[in-house]
Amino acid sequence: MSAGSITAEHPHAVESTLAGISFHPEYKTWKQIGSTERIENHTIRVILGNDHAIRAIADNHINPWPNGTMIGKVTWHEQREPSGVIVPGEFVQVEFMIRDSTKYRATAGWGWGRWIGTDLKPDGHTADFASTHCVDCHHAVQRNDYVFTMPINALKGGAK
């Protein structure tokens, strides 16, 4: 559906970004591949990968990631429980990186999209938002195929 996706939680169509990146509600079924915390803005993030991403991780084929890979990042404000434990609080946004080295050649081989708030409003006021914001920031990790959070890898000392 080019206008976006309709889900039980979001009965309205979720708009695509100005660059034409579609929202993918199936991200909720993807597997967790990492997590991050942004201390400066008090947010926590869960990094998810679609089946292509999970296969690429298993095959150690993540630099570059194969076409078809989708990486999602879901962000919440931190909420501190009375016990001191930090848990997800208010939902902030969901973001996607979609690997297609041909289609997205102009943006480092990735399609980039971000949807803000519970109404999932597409971020960006211009069609070149991905170039001027996403790629510019992710350029710092160009050596990792523009991916900041490397996947959890059991071979690096985790449970086997």
Side-chain angles (χ1 to χ4, degrees), residues 1-38 41-79 86-104 107-124 129-142 144-154 158:
M1 178 182 303
S2 62
S5 302
I6 299 174
T7 66
E9 292 177 13
H10 303 284
H12 67 284
V14 177
E15 293 180 39
S16 296
T17 67
L18 289 176
I21 305 297
S22 297
F23 184 75
H24 293 272
E26 71 275 13
Y27 80 89
K28 291 180 179 184
T29 66
W30 297 351
K31 291 186 177 169
Q32 183 175 352
I33 60 174
S35 62
T36 61
E37 179 181 19
R38 296 278 303 267
N41 66 10
H42 307 286
T43 59
I44 54 178
R45 296 134 191 267
V46 173
I47 316 302
L48 307 168
N50 70 351
D51 289 342
H52 285 282
I54 299 307
R55 235 180 340 274
I57 293 165
D59 295 343
N60 197 28
H61 182 204
I62 60 171
N63 198 1
W65 292 82
N67 287 339
T69 295
M70 288 196 264
I71 299 172
K73 180 168 56 176
V74 187
T75 304
W76 297 268
H77 287 293
E78 292 179 348
Q79 179 177 315
I86 295 174
V87 298
E90 179 185 359
F91 173 79
V92 176
Q93 63 195 20
V94 62
E95 301 170 273
F96 299 126
M97 291 176 65
I98 303 167
R99 181 69 162 156
D100 185 321
S101 58
T102 303
K103 182 176 183 179
Y104 301 119
T107 52
W110 292 94
W112 311 77
R114 177 174 23 200
W115 290 262
I116 308 249
T118 56
D119 61 349
L120 299 172
K121 183 180 181 341
D123 197 11
F129 177 78
S131 295
T132 60
H133 289 80
C134 305
V135 177
D136 282 357
C137 181
H138 282 250
H139 190 62
V141 288
Q142 178 181 3
N144 292 336
D145 197 20
Y146 297 87
V147 176
F148 273 104
T149 306
M150 298 314 293
I152 298 167
N153 185 337

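Keep in mind the model is a prediction, meaning the values are calculated, not measured. Basis for what follows: all heavy atoms, side chains included, without hydrogens, waters or symmetry-related copies.
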Any side-chain heavy atom of Val74 within less than 4.5 Å of one from Phe91? yes
Non-hydrogen atoms of Pro122 and Ser16 that approach each other most closely: CG-O, 3.5 Å
Minimum heavy-atom separation for Gly89 and Gln79, please, with both atom names. CA-OE1, 3.6 Å
Under the side chain to side chain contact (heavy atoms under 4.5 Å, CB included) criterion, do Trp110 and Val147 qualify, and how do the steps go? CA-CA 10 Å; Trp110 292 94; Val147 176; 3.9 Å; yes
Shortest non-hydrogen contact between Asn67 and His52, atoms and distance: O-ND1, 4.1 Å
Qualifying residues under ring pair (Phe, Tyr, Trp, His ring centres under 6.0 Å), relative to His133, sequence neighbours excluded: Phe129
Quick one, Trp112 with His138, criterion ring-ring contact (aromatic ring centres under 6.0 Å, His included). Give me CA distance, side-chain angles, the key distance, then yes/no. CA-CA 11 Å; Trp112 311 77; His138 282 250; 4.7 Å; yes
Just do the ring-ring contact (aromatic ring centres under 6.0 Å, His included) check on Trp115 and Tyr27 with the steps written out, would you? CA-CA 13 Å; Trp115 290 262; Tyr27 80 89; 9.3 Å; no
For residues Ser35 and Ile47, report the shortest heavy-atom separation together with the two atoms involved. N-CG1, 4.1 Å
Sub-4.5 Å side-chain heavy-atom contact between Ile62 and Pro151: yes
Are any of the side-chain heavy atoms of Trp76 and Val46 separated by less than 4.5 Å? yes
Nearest-0.5 Å distance that lies between atom CG in Leu18 and atom CG in Asp123: 9.5 Å
Can you tell me how far CG of Leu48 sits from CD1 of Ile33, rounded to the nearest 0.5 angstrom? 7.5 Å
So do Tyr104 and Ile21 actually touch side chain to side chain, heavy atoms under 4.5 Å? yes
For the atom pair CD1 (Ile44) and NE2 (His42), what is the distance rounded to the nearest 0.5 Å? 12.5 Å
With sequence neighbours left out, the residues meeting side chain to side chain contact (heavy atoms under 4.5 Å, CB included) with Ala108 are Val135, Tyr146
From CA spacing to verdict: side chain to side chain contact (heavy atoms under 4.5 Å, CB included), Trp65, Asn144: CA-CA 9 Å; Trp65 292 82; Asn144 292 336; over 6 Å; no
CG/Asp51: more than 12 non-hydrogen atoms of other groups inside 6.0 Å: no
Go through the structure and list residues passing side chain to side chain contact (heavy atoms under 4.5 Å, CB included) with Asn41, not counting sequence neighbours. Arg38, Thr43, Arg45
Enumerate the residue pairs fulfilling salt bridge (charged side-chain N to carboxylate O under 4.0 Å, His left out) with a member in residues 87-102, sequence neighbours excluded, ordered by first and then second residue. Lys73-Glu95, Glu95-Arg114, Arg99-Asp145
Please name all residues satisfying side-chain hydrogen bond (donor to acceptor under 3.5 Å, both in side chains) with Glu78, sequence neighbours left out, ordered by chain then number. none
In sequence, state the C-alpha distance, the side-chain angles, and the governing distance for Asn50 and His24, and then conclude on side chain to side chain contact (heavy atoms under 4.5 Å, CB included). CA-CA 10 Å; Asn50 70 351; His24 293 272; over 6 Å; no
Who passes side chain to side chain contact (heavy atoms under 4.5 Å, CB included) against Thr29, sequence neighbours left out? Glu26
